[in-house]
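What follows is a single structure, written as structure tokens, with notes after it.
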Amino acid sequence: MSWNFDYIIVGAGFAGITAAERLCTQFGKRCLMVEKREHIGGNAYDQYDDHGVLIHTYGPHYFRTNSERIKDYLSQFTEWHPVDYAILSHTENRYWKFPINLNTFEQLIGRESTSEEMEAWLEEHRVPIKNPANSEEVIISQVGWELYDKFFKGYTLKQWKRHPRDLDASVCGRIPIRTNRDDRYLREDFQALPKAGYTRMFERMIAACGEKLRILLKTDYGEILPHTNFGHMIYTGPIDEYFDNCHGQLPYRSLRFEHQSFSPNELLEREAISGKRGFWQPTMQVNYPNEEDFTRIVEVKHATGQLCENTTIVREYPDDFGPGKEPYYPIPAPDAAVIYRKYKELADAEFKVSFIGRLATYRYYNMDQVVGMALAEIDRLHPAIH
Ligand code: FAD
Ligand code: UDP
């Protein structure tokens with residue numbers, strides 16, 4: 001027996017589901033989506049845990065974008081819960097305002113200050129580098145060694161198992177540094193979470209496809225290829241895996257998540273620290289750059305706004321990638337880029353396959369960028385109608 005589809009879509013994450021929704025609803029294409037995990041949503045999947053808390057299963061996913069097109073597109077499938085994503089850093093036995101801003105500077109010098117004084121201090125401490133070439137340079141050129149050592153060096157070494165010097169400037173360059181009191185972690189204009197969660201939003205995108213879309217979960221696409229005829233493939237898995245690692249495996253970082261839940265009674269003694277009834281820590285995320293083995297503790301209930309008496313925190317431990325582990329992060333570094341370029345050359349020659357998403361393009365992309373990439377690829381495949 002064999003199946004016939006216009007498209008086969010490998011992976012049911014943001015990239016795959018966006019592509020499927022456009023192909024089915026805008027172009028009436030018949031699509032088969034194949035996902036090896038037991039659920040849709042890829043790394044953005046969220047779920048209610050056994051304690052009734054809505055958690056981000058694969059680490060915190062803070063939606064943000066500067067693109068009206070992407071926001072409007074997703075808004076067809078979800079309402080939004082606006083959030084000013086706020087975090088803290090914890091080192092030397094205390095919480096620090098983070099990302100670095102005037103409040104952090106005041107903590108550092110132990111008294112009130114002004115933006116002008118902070119700017120003068122930074123001017124004195126920053127290392128003049130015109131075009132920062134790596135993640136160490138991008139931070140020391142803005143704030144100097146002391147703040148780099150306190151907040152960035154240890155975190156980055158843990159997260160990537162590489163020195164910041166051996167990572168692209170874009171990695172640590174993601175973190176804003178300000179001299180005012182704006183303490184939002186992210187820079188983008190629109191910052192919000194899907195009101196009923198990511199999974200609900202994905203379910204609506206899939207429902208819009210109706211009969212045009214068939215989904216197979218818990219299936220590696222390799223298993224069904226021999227039984228499927230299709231016109232084109234949208235591939236969102238790891239690019240090296242697609243080519244059987246013929247140029248060697250690309251480097252990835254993986255993660256281990258340790259969940260811990262608390263009842264209202266257990267939370268009472270945390271109130272002095274969290275400052276809020278029903279919460280374990282003061283903000284949705286606390287980064288641990290130095291003393292601990294984990295990089296951050298996330299209590300996503302702060303961001304989702306869920307009204308729930310219990311809470312769940314997640315400690316995130318960076319891990320080596322290997323058999324049975326997820327390739328959560330491509331590594332933005334010159335040596336990895338050399339290998340990726342070889343795969344990209346092979347991908348460019350595969351005319352019946354589109355490589356989109358974080359893993360298939362080996363890019364440290366946020367969710368909105370992945371949606372943008374999927375929309376652009378469908379425009380490219382069906383230019384006549386656009
Ligand atoms: P994925 O979500 O990885 O989906 C790819 C899917 O393909 C997976 O479900 C996988 O199981 C499946 N697949 C792979 N190989 C096969 C195969 N052989 N057969 C069948 N299926 C296969 N972005 C933000 O914007 N904000 C954030 O705060 C944020 N936080 C993050 C935190 C963490 C810990 C991580 C890891 C990522 C974070 N991201 C964040 C990035 C975000 O997860 C991605 O941009 C987005 O989810 C990528 O979507 P995707 O579809 O490209 O990939
Ligand atoms: N980073 C750091 N200290 C921090 C936060 C981030 O050194 O307290 C660096 C680290 O290298 C990290 C990168 O900045 O991997 C990007 O941080 P972000 O919080 O955006 O990471 P993500 O949420 O993508 O894991």
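Order of listing sets the numbers, starting from 1, for every ligand and every atom in it. This structure is a prediction, so every number in the text was calculated from the model and none was measured.
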Is there a polar contact, in the sense of an N or O pair closer than 3.5 Å, between [X] and ligand 2?
X    : value
N287 : yes
R296 : yes
F98  : no
T156 : yes
I175 : no

With a 4.0 Å cut-off, would you call K325 and D319 a salt bridge?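 Between D319 and K325 there is a salt bridge, with a charged N closer than 4.0 Å to a carboxylate O.
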
Check ion pair R253-E326 (N to O, under 4.0 angstrom):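 So R253 does not pair with E326 through a salt bridge.
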
Quick one: does NZ or CZ of [X] land under 6.0 Å from the six-membered ring centre of [Y], within 45 degrees of the ring axis?
X    : Y    : answer
R315 : F294 : yes
R174 : Y185 : no
K301 : F279 : yes

Examine ligand 2 and decide if any of its atoms is less than 4.0 Å from a heavy atom belonging to C172.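 Flag set, C172 near ligand 2.
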
K153 near ligand 2, heavy-atom distance under 4.0 Å?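 Distance cut 4.0 Å: K153 fails for ligand 2.
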
So between Y288, Y62, Y329, W160, whose heavy atom ends up nearest atom 25 (O) of ligand 2?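 Comparing heavy atoms across Y288, Y62, Y329, W160, the nearest one to atom 25 (O) of ligand 2 lies in Y329.
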
Can you pull every nitrogen or oxygen pair between ligand 1 and the protein closer than 3.5 angstrom?
| residue | atom | partner | partner atom | Å |
| --- | --- | --- | --- | --- |
| ligand 1 | 2 (O) | N43 | N | 3.0 |
| ligand 1 | 9 (O) | E35 | OE1 | 2.7 |
| ligand 1 | 9 (O) | E35 | OE2 | 3.1 |
| ligand 1 | 11 (O) | E35 | OE2 | 2.6 |
| ligand 1 | 11 (O) | R37 | NE | 3.3 |
| ligand 1 | 18 (N) | D220 | OD1 | 3.3 |
| ligand 1 | 18 (N) | D220 | OD2 | 3.4 |
| ligand 1 | 19 (N) | Y221 | N | 3.2 |
| ligand 1 | 21 (N) | K36 | N | 3.1 |
| ligand 1 | 23 (N) | M367 | N | 3.4 |
| ligand 1 | 25 (O) | M367 | N | 2.7 |
| ligand 1 | 26 (N) | Y62 | O | 3.0 |
| ligand 1 | 26 (N) | R64 | NH1 | 3.1 |
| ligand 1 | 28 (O) | P60 | O | 3.4 |
| ligand 1 | 28 (O) | Y62 | N | 2.7 |
| ligand 1 | 30 (N) | P60 | O | 2.8 |
| ligand 1 | 43 (O) | H61 | NE2 | 2.7 |
| ligand 1 | 45 (O) | Y365 | O | 2.8 |
| ligand 1 | 45 (O) | M367 | N | 3.4 |
| ligand 1 | 51 (O) | F14 | N | 3.2 |
| ligand 1 | 51 (O) | A15 | N | 2.9 |
| ligand 1 | 52 (O) | R358 | N | 2.8 |

Among Ile, Leu, Val, Met, Phe, Trp and Tyr joined by side-chain contacts under 4.5 Å, find the other residues sharing a cluster with I55 and list them by chain and number.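 Other cluster members: V53.
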
Are any of the side-chain heavy atoms of P238 and Y252 separated by less than 4.5 Å?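 The answer is yes, as the side chains (C-beta and beyond) meet within the 4.5 Å cut-off.
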
Less than 4.5 Å apart, any side-chain heavy atom of I234 and any of Y7?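 Answer yes - side chains close enough.
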
Of the options Y365, Y58, W160, which is the one that meets Y329 in a ring-ring contact (aromatic ring centres under 6.0 Å, His included)?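 With Y329 as partner, ring-ring contact (aromatic ring centres under 6.0 Å, His included) holds for just one option, W160.
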
Can you confirm if the aromatic rings of Y221 and Y235 lie within a centre distance of less than 6.0 Å?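 Between Y235 and Y221, the centre distance is under 6.0 Å.
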
Going by atom type alone, with no hydrogens or angles, which donor-acceptor pairs under 3.5 Å involve a side-chain atom of residues 15-25 and a protein atom two or more places apart or on another chain?
| residue | atom | partner | partner atom | Å |
| --- | --- | --- | --- | --- |
| T18 | OG1 | F14 | O | 2.7 |
| E21 | OE1 | Y73 | OH | 2.7 |
| E21 | OE2 | T25 | OG1 | 2.8 |
| R22 | NH1 | Q26 | OE1 | 3.0 |
| R22 | NH2 | T25 | OG1 | 3.4 |
| T25 | OG1 | E21 | O | 2.7 |

Which atom names give the shortest non-hydrogen contact between V83 and A303, and what distance separates them?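 Scanning both residues, the minimum pair turns out to be CG2-O, 3.6 Å.
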
Can you tell me which residue and heavy atom of the protein come closest to [atom], and the distance to 0.1 Å?
atom                    : answer
atom 19 (O) of ligand 2 : Y185 OH, 2.5 Å
atom 13 (C) of ligand 2 : V171 O, 3.5 Å
atom 12 (C) of ligand 2 : Y155 CE2, 3.8 Å
atom 24 (O) of ligand 2 : Y364 OH, 2.5 Å
atom 20 (O) of ligand 2 : R174 NE, 2.9 Å

Anything under 3.5 Å between a donor and an acceptor, one on a side chain of residues 144-154, the other on a protein residue two or more places apart or in another chain? List them.
| residue | atom | partner | partner atom | Å |
| --- | --- | --- | --- | --- |
| Y148 | OH | E136 | OE2 | 3.1 |
| K150 | NZ | E92 | OE1 | 3.0 |
| K150 | NZ | E92 | OE2 | 2.9 |

For Q159, atoms of ligand 2 separated by under 4.0 Å from a heavy atom: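 Listed by number with element: 15 (O).
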
With atoms numbered from 1 as shown, which atoms in ligand 2 lie under 4.0 angstrom from a non-hydrogen atom of F151?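 In order of numbering, the contacting atoms are 2 (C), 3 (N), 4 (C), 7 (O), 8 (O).
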
